[in-house]
2 protein chains.
Amino acid sequence: MSNRFIDKLKGFASLTATESAALAALTATPRPYPAKHDLIREGDRPGPVFVVLDGWACRYKILPNGSRQVLAYLMPGDSCDLHIGLLAEMDHSIQTVTPAVVATIERADMDALMGRHPGIGKAMYVGQLIDEGTMRAWITSMGRRASIERVAHLMCELYLRARNIGLTLEPRLALPLSQSMLADSLGMTPVHLNRVMKELRGSGAMTLQRGSLIIEDPARLIRIAGFDENYLHRRLRTGVR
Amino acid sequence: MSNRFIDKLKGFASLTATESAALAALTATPRPYPAKHDLIREGDRPGPVFVVLDGWACRYKILPNGSRQVLAYLMPGDSCDLHIGLLAEMDHSIQTVTPAVVATIERADMDALMGRHPGIGKAMYVGQLIDEGTMRAWITSMGRRASIERVAHLMCELYLRARNIGLTLEPRLALPLSQSMLADSLGMTPVHLNRVMKELRGSGAMTLQRGSLIIEDPARLIRIAGFDENYLHRRLRTGVR
DNA sequence: CGCTGGATTGACTCGGATCAAGTCGAGTGG
DNA sequence: CCACTCGACTTGATCCGAGTCAATCCAGCG
């Protein structure tokens, strides 16, 4: 019975058996949700912390004119902000992308947990720093990368994140994201995204079809994207308590 | 002798006299820096937490092709991420925009402080949630707003943030940002930014000249921007410990 | 077997980038 | 006090990447 949340945190800080057990206890009774189900909406009062144990979710905002911007993807093991409960209302929504299994941790439990087990706190903070780095990378992509670079960059990110948590070993990944959702992530239209995909396919860098991302030429994809994985912070600081 | 850092945190959580004094002690010996001075660069190993007590700073990234993306502005009272020390290297740089007065707090001191004074921790976390909300707003702007909307949105944000911390009371603000810096914040060229500014001026919504932002018609500017200030989280959760 | 929601392609338009001159204001030195 | 310089701001002309609109195409499915 693996718990992807715990597995992910273990990659950020060593957890004692007690700490793992405490986390397991708090995420022992997750709930399944269908695809495209809002876990929480912009304007809602935040409740417990969400932890995605299986499936994909995304953060997004809807603009006054009705268009959507996807802000981040949550993969198995990812969670929403752990201090979310301090705010009066959400500034964005979180929705499942695929059918997903999601645990919730009450704020009081979370606080108690982190007070008692500093290792868990540390691991959660590292996760949060990575999420922030990812947002900065998205801002950078949107602002200063051409569309083909942007697409390539997102594919690099999603593939590496998936590999980091053991979702795949081969140069291929099951990507449950429609072209219109990808377009809403990258600030472009579905039509243009489709053409860019065609170009990437033609260049021999990668292929995305039928929900399957295949990295054909990693070096080329990385070069197109101008991708530097440092923002995913795989190498963490060593020797610091 | 006001301390903008403490003033800002007091807006997020009530601080006891002891807590204020502890914060004052840790930020008692700030250093002045000239404008355009890198406090820390992408790739550097993070050190202490930076706290901007006076002046403006920004976070930014430089892309392989040499172009720059500004990621956020730090105004007086703002600080960098308080867990920054957990990472092996910075994923972006932080630079002063104007001459600035900056204090640094060592990680050990910060940890001790937050362990002893939960109110400080809470206030810092609220500040961080606002920073994250701001990044999400930037992603949304870059992805789904036209350039004039984007510019108007940033001006709304900067003006409101400045007013929230008491930098101004009137509908005017000293904005020490060059057009090329604004362009690098908004993912556009300086030339185009200039034209957009002209259009905003012509529409009677706002004027920016000689480092001075004047909001001529707040309602119109907000309408152009499609601005919703909820992401700045001024109304915080009440009745929660 | 027709329906439906993605994916794909074509034709046309337009917002913003690019390239290239200026202009303006604050220093600076003669 | 004025010529010179330098950085930042403006403006015009042109081009191209990406949006828009409108047909298909296709696979999965009731």
Side-chain angles (χ1 to χ4, degrees), chain A residues 34-36 56 58 63 65-70 97-99 141-155 174-203 206-214 224, chain B residues 34-36 56 63 65-70 97-99 141-155 174-203 206-214 224 226:
Chain A
K36 294 185 193 298
W56 290 50
C58 69
L63 279 84
N65 66 23
S67 61
R68 174 178 64 166
Q69 177 64 49
V70 172
V97 173
T98 64
S141 268
M142 310 274 262
R144 288 291 181 232
R145 273 188 252 265
S147 59
I148 191 170
E149 301 167 351
R150 224 149 64 218
V151 174
H153 199 277
L154 180 60
M155 293 303 127
L175 249 205
L177 310 174
S178 70
Q179 292 193 354
S180 72
M181 172 150 265
L182 289 171
D184 283 341
S185 314
L186 294 164
M188 44 205 277
T189 57
V191 172
H192 191 57
L193 181 90
N194 182 280
R195 291 192 233 266
V196 168
M197 283 295 181
K198 185 179 176 183
E199 196 178 342
L200 282 168
R201 205 182 314 134
S203 79
M206 50 153 279
T207 308
L208 176 57
Q209 54 190 336
R210 223 71 54 66
S212 187
L213 169 70
I214 301 168
I224 294 173
Chain B
K36 294 187 192 297
W56 289 51
L63 279 85
N65 66 22
S67 61
R68 175 178 63 165
Q69 176 65 47
V70 172
V97 174
T98 64
S141 267
M142 311 274 283
R144 288 290 180 234
R145 272 188 254 263
S147 60
I148 191 168
E149 301 167 350
R150 226 148 65 215
V151 174
H153 199 275
L154 180 60
M155 293 303 126
L175 247 207
L177 310 174
S178 70
Q179 292 192 357
S180 73
M181 173 151 263
L182 288 171
D184 283 342
S185 313
L186 294 163
M188 45 204 276
T189 58
V191 171
H192 191 57
L193 180 89
N194 182 279
R195 290 193 234 265
V196 170
M197 283 295 181
K198 185 180 176 181
E199 195 177 343
L200 282 169
R201 204 182 315 133
S203 78
M206 50 153 279
T207 308
L208 175 57
Q209 56 190 337
R210 225 71 55 65
S212 187
L213 170 69
I214 301 168
I224 293 173

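Just so we're on the same page: letters track the sequence lines, and every chain starts at 1. All values reported here derive from a predicted model rather than from experimental measurement.
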So how far is it from A/I148 CD1 to A/K198 NZ, rounded to the nearest 0.5 Å? 13.0 Å
CG on B/L186 to CD on B/Q179, rounded to 0.5 Å: 11.5 Å
Check this one for me: any side-chain N or O of [X] less than 4.0 Å away from OP1 or OP2 of [N]?
X      : N      : value
B/K198 : D/dT11 : yes
A/N194 : C/dA7  : no
B/S147 : C/dG16 : yes
A/Q209 : D/dA27 : no

Roughly how many Å is it from [atom1] in [X] to [atom2] in [N], rounded to a whole number?
X      : N      : atom1 : atom2 : value
B/M181 : D/dC9  : CE    : P     : 12 Å
A/M197 : C/dT9  : CE    : C1'   : 17 Å
B/D184 : D/dA8  : CG    : C1'   : 14 Å
B/R144 : C/dG15 : CZ    : P     : 17 Å
A/K36  : C/dG6  : NZ    : C1'   : 11 Å
A/R210 : C/dT8  : CZ    : C1'   : 13 Å
A/L175 : C/dG6  : CG    : C1'   : 15 Å
B/H192 : C/dA20 : NE2   : C1'   : 18 Å

Among [options], the nucleotide that comes nearest once only the side chain of [X] is considered:
X      : options                : result
B/R195 : D/dA18, D/dG12, D/dC21 : D/dG12
B/S178 : D/dC9, D/dT11, D/dA22  : D/dC9
B/M188 : C/dT8, C/dA17, D/dG19  : C/dA17

Please tell me which of A/I148 and A/V191 maps to the more 5' nucleotide of DNA chain D, matching each residue to the nucleotide holding its nearest heavy atom. A/I148
Starting at the 5' end of DNA chain D, which residue's closest nucleotide do you reach first, B/L208 or A/R150? B/L208
Applying a 4.0 Å non-hydrogen cut-off, can you work out what A/G211 is touching in the nucleic acid: base, sugar-phosphate, or nothing? nothing
Do [X] and [Y] have side-chain heavy atoms sitting under 4.5 Å apart?
X      : Y      : value
B/M181 : B/R68  : yes
B/V151 : B/M188 : yes
A/L182 : A/M155 : yes

